[in-house]
Enquirer: 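Below you will find the structure I want to go over with you.
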Amino acid sequence: MPDQLLYGIEAAVNGLMAGVLYALVALGFVLIFKSSGIFNYAQGVFALFSALTLVGIMEGQVPFAHLINSIFGTEVHHFGWHVPAVLAIAFTVLVMVGLAILVERYILRHLVNQPDIILFMATIGLAYFMEGFGDLMWGSDIKTLDIGIPQGGSFWIEENTAWLGGEGFYGFFIDRLDIVAACVAAVLVVGLTLFSQYTKQGRALRAVADDHQAALSVGISLRFIWVLVWSIAGVVALVAGIMWGSKSGVQFSLSLIALKALPVLMLGGFTSIPGAIVGGLIIGMGEKLFEFAIGAPFLGGATENWFAYVLALLFLVFRPQGLFGEKIIERV
Amino acid sequence: MSAQPESYVTPDGRTIGGVMMEMKNITLRFGGVVAIKDISFDIREGEIRAIIGPNGAGKSSMLNIISGFYVPQEGEVWFNGARRAPLRPYEVAGQGIARTFQNIALFEGMSVLDNIMTGRLTHMKSGLFSQALWYGKAAREEHENREVVEKIIDFLEIQNIRKTPVGRLPYGLKKRVELGRALAAEPKLLLLDEPMAGMNVEEKEDMSRFILDVNDEYGTTIALIEHDMGVVMDLSDRVVVMDYGKKIGDGPPEEVRTSQAVIDAYLGVSHD
Ligand SMILES: Nc1ncnc2c1ncn2[C@@H]1O[C@H](COP(=O)(O)OP(=O)(O)OP(=O)(O)O)[C@@H](O)[C@H]1O
Ligand SMILES: [Mg+2]
């Protein structure tokens with residue numbers, strides 16, 4: 001096989017791995033949008049906040065240290081202990097559930113039956129509040145996150161694929177972190193699907209996503225479902241935050257992965273879980289392949305920043321309902 | 001009303017019990033619009049109670065109050081002999097009151113079977129964690145609920161569409177599925193908002209039969225809104241008549257039908 005083709009395949013596989021992360025973030029959007037019709041602008045900040053919290057707990061950081069020190073003239077920064085990753089993740093999940101409860105109690109509850117745009121604005125407010133709050137709580141310096149996921153290229157894959165190419169080909173380079181991320185995402189999606197198909201709460205969740213009034217009439221509490229959905233979205237954000245944070249550090253730019261989820265949503269539709277997954281994979285693979293085949297050689301590179309949007313726009317023009325949406329025919 | 005005994009047996013042999021639901025001096029406003037004005041009436045155990053009246057009379061609003069969707073500004077709701085605090089719709093459902101909607105509210109994306117299964121939610125006990133940890137118990141519960149639902153599907157004669165997504169069904173069948181979902185809750189009180197609206201004669205006959213059978217076989221108390229006077233005459237034990245938010249009649253169907261106030265309301269005699 002010509003080496004050039006092999007490198008193309010490598011780019012495609014790496015794109016798929018990145019796509020898994022896009023899909024995860026998009027999934028968080030879809031879950032909330034489906035069940036409450038809200039486009040949660042804060043989803044990216046959720047990922048950042050959850051990753052910050054996880055690092056903070058693991059490192060034994062004192063929350064609000066800066067604030068405490070400036071008020072009381074103290075110099076506290078760390079409790080001096082380290083919390084094992086598993087335990088810290090469990091705590092962080094609790095924090096995200098708490099966050100969901102607060103969001104329902106102090107925002108959603110007061111805005112039911114308001115126009116969608118108001119709710120959207122509220123989530124913008126929430127996003128910037130959370131960003132500032134995260135800084136205040138854990139500090140704004142760049143943090144490294146290491147929960148023990150193996151990183152770096154997989155030698156095993158490199159060695160066992162080197163024979164495919166000629167002298168200049170050293171085998172596929174695939175980051176082990178990406179492989180783990182893909183597996184975790186797969187487990188998460190399968191788990192969510194089982195949950196929504198086979199549990200009482202899952203059934204209630206689907207019911208709410210389909211019709212609020214009908215859901216109420218069969219005895220479903222909307223408040224409970226909202227807390228549940230925002231909690232799940234928080235956990236999904238945490239998973240995305242862990243993967244991305246392990247790769248590139250926990251810092252402000254982590255919240256920008258939300259921007260990568262937008263074209264995925266345009267492609268997959270705002271209400272389709274399979275759409276988010278397939279859309280994420282297409283965008284991830286598409287942008288890497290485009291960069292490899294056209295962007296880098298002909299356009300001076302760095303096409304990954306905009307290619308996803310162009311792809312999504314083109315797609316929108318021809319299939320506005322998204323990959324798996326039903327064709328919309330306006331009644332006249 | 002006070003002349004009625006605690007319980008009695010109807011000419012067709014059904015036993016009507018004491019008062020199950022009592023609405024006392026209910027007033028409901030939407031901004032300046034008074035949808036319901038100082039209305040009182042009761043629903044007895046085991047009866048079929050009809051609510052009739054011209055468009056905009058406030059019938060649906062009354063049903064919405066009973067089911068917790070609307071909260072009246074004035075008046076009291078009494079249920080099973082106790083005054084009911086304002087409840088949310090899901091709490092009302094939990095007390096054994098099920099309903100259908102005038103403009104069908106089904107889960108369009110789910111199958112007929114899944115739709116009717118959601119009617120069982122109030123009967124599902126297993127919590128989130130016990131379902132995850134104790135699979136056997138949850139599976140048994142699922143199985144029991146499924147049996148109830150299959151019985152209802154047989155009863156409503158919709159076996160052939162059990163797996164069909166509801167969004168694809170014609171109007172008449174949707175109404176039937178919605179009734180099925182309400183029945184799945186095995187309610188004590190069943191509220192039906194125009195269950196036969198927009199149906200042809202044959203469909204109406206089927207629906208009437210289902211309603212009568214439910215009432216007869218399970219003793220389910222039913223309150224229904226209906227425009228077709230023929231249907232009302234056939235089905236109901238007692239009728240409340242509303243017009244412009246006021247109650248203008250209450251009694252057995254044949255008595256209500258001949259009342260001058262009711263005839264005037266339906267013929268559109270001007271309101272002074
Ligand atoms: N949610 C609401 N907001 C504002 N006004 C309402 C609302 N619901 C009902 N109304 C008003 O209350 C009045 C009674 O409406 P309701 O739907 O109860 O009538 P109805 O007797 O069921 O009529 P129909 O036979 O047409 O169904 C109407 O004037 C209606 O416009
Ligand atoms: Mg009505």
Side-chain angles (χ1 to χ4, degrees), chain A residues 30 34-35 90 93 97 100 104 109 112-113 187 190-229 231-232 235 269-275 321 324-329 331, chain B residues 63-64 67-69 87-111 114-132 135 138-139 141-142 145 165-168 174 177-178 181-185 187 191 193:
Chain A
V30 168
K34 246 177 110 82
S35 63
V93 167
V97 171
E104 191 282 324
R109 193 179 288 189
V112 274
N113 297 331
V187 169
V190 170
L192 274 177
T193 310
L194 290 177
F195 169 77
S196 86
Q197 292 297 324
Y198 297 109
T199 67
K200 171 186 169 183
Q201 287 78 8
R203 201 173 260 136
L205 205 148
R206 279 189 293 145
V208 170
D210 201 315
D211 190 310
H212 283 192
Q213 288 228 323
L216 283 170
S217 82
V218 293
I220 297 170
S221 156
L222 283 187
R223 289 181 181 176
F224 172 75
I225 292 297
W226 284 338
V227 169
L228 182 67
V229 169
S231 301
I232 295 174
V235 171
F270 282 78
T271 55
S272 164
I273 290 176
Q321 69 272 34
F324 298 99
E326 284 195 20
K327 199 167 164 58
I328 306 157
I329 299 168
R331 266 175 214 262
Chain B
L63 225 58
N64 285 335
S67 57
F69 280 77
L87 296 180
R88 306 189 164 280
Y90 79 91
E91 295 168 318
V92 174
Q95 292 191 336
I97 299 180
R99 67 167 293 172
T100 65
F101 295 84
Q102 185 168 349
N103 311 308
I104 308 176
L106 282 167
F107 306 115
E108 301 270 326
M110 297 188 201
S111 68
D114 275 353
N115 264 274
I116 301 180
M117 269 307 264
T118 63
R120 296 298 297 166
L121 278 170
T122 49
H123 291 266
M124 297 185 187
K125 300 269 157 11
S126 303
L128 199 52
F129 291 103
S130 66
Q131 286 177 85
Y135 179 73
E141 195 181 81
E142 176 86 6
N145 286 315
V166 159
R168 296 215 196 114
K174 280 189 185 176
V177 174
E178 208 193 13
R181 188 183 61 197
L183 289 178
L191 310 171
D193 196 344

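Predicted, not measured: the structure shown is a model, and the values here were computed from it. In what follows, every chain begins at residue 1, and chains take the letters A, B, ... in the order their sequences are listed.
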Enquirer: Answer yes or no: is there a donor N or O on one side and an acceptor on the other, between the side chain of A/His212 and the main chain of A/Ala207, under 3.5 Å?
Expert: no

Enquirer: Where on B/Leu121 is there a heavy atom nearer than 4.5 Å to chain A: the side chain, the backbone, both, or neither?
Expert: both

Enquirer: Side chain of B/Asn145, backbone of B/Met117: donor and acceptor closer than 3.5 Å?
Expert: no

Enquirer: Assess the residue pair A/Ile225 and B/Tyr90 against the criterion (side-chain contact (heavy atoms from CB on, under 4.5 Å)); give the C-alpha distance rounded to whole Å, side-chain angles, the decisive distance to 0.1 Å, and a yes or no.
Expert: CA-CA 12 Å; A/Ile225 292 297; B/Tyr90 79 91; over 6 Å; no

Enquirer: For A/Ala215, is it the side chain, the backbone, both, or neither that has a heavy atom closer than 4.5 Å to a heavy atom of chain B?
Expert: both

Enquirer: Between B/Arg181, B/Glu178, B/Arg99, who has the most heavy-atom pairs with chain A when the cutoff is under 4.5 Å?
Expert: B/Arg181

Enquirer: Using a strict cut-off of less than 4.0 Å between a Lys/Arg side-chain nitrogen and an Asp/Glu carboxylate oxygen, indicate whether B/Glu142 and B/Arg120 qualify as a salt bridge.
Expert: no

Enquirer: Checking heavy atoms, do the side chain of B/Thr118, its backbone, both or neither come under 4.5 Å from chain A?
Expert: both

Enquirer: Please classify the contact of B/Phe107 with chain A as side chain, backbone, both or neither, using a heavy-atom distance under 4.5 Å.
Expert: both

Enquirer: Taking B/Ala105's backbone N and O only, do any of them form a donor-acceptor pair with A/Asp211's side chain (distance below 3.5 Å, no angle check)?
Expert: no

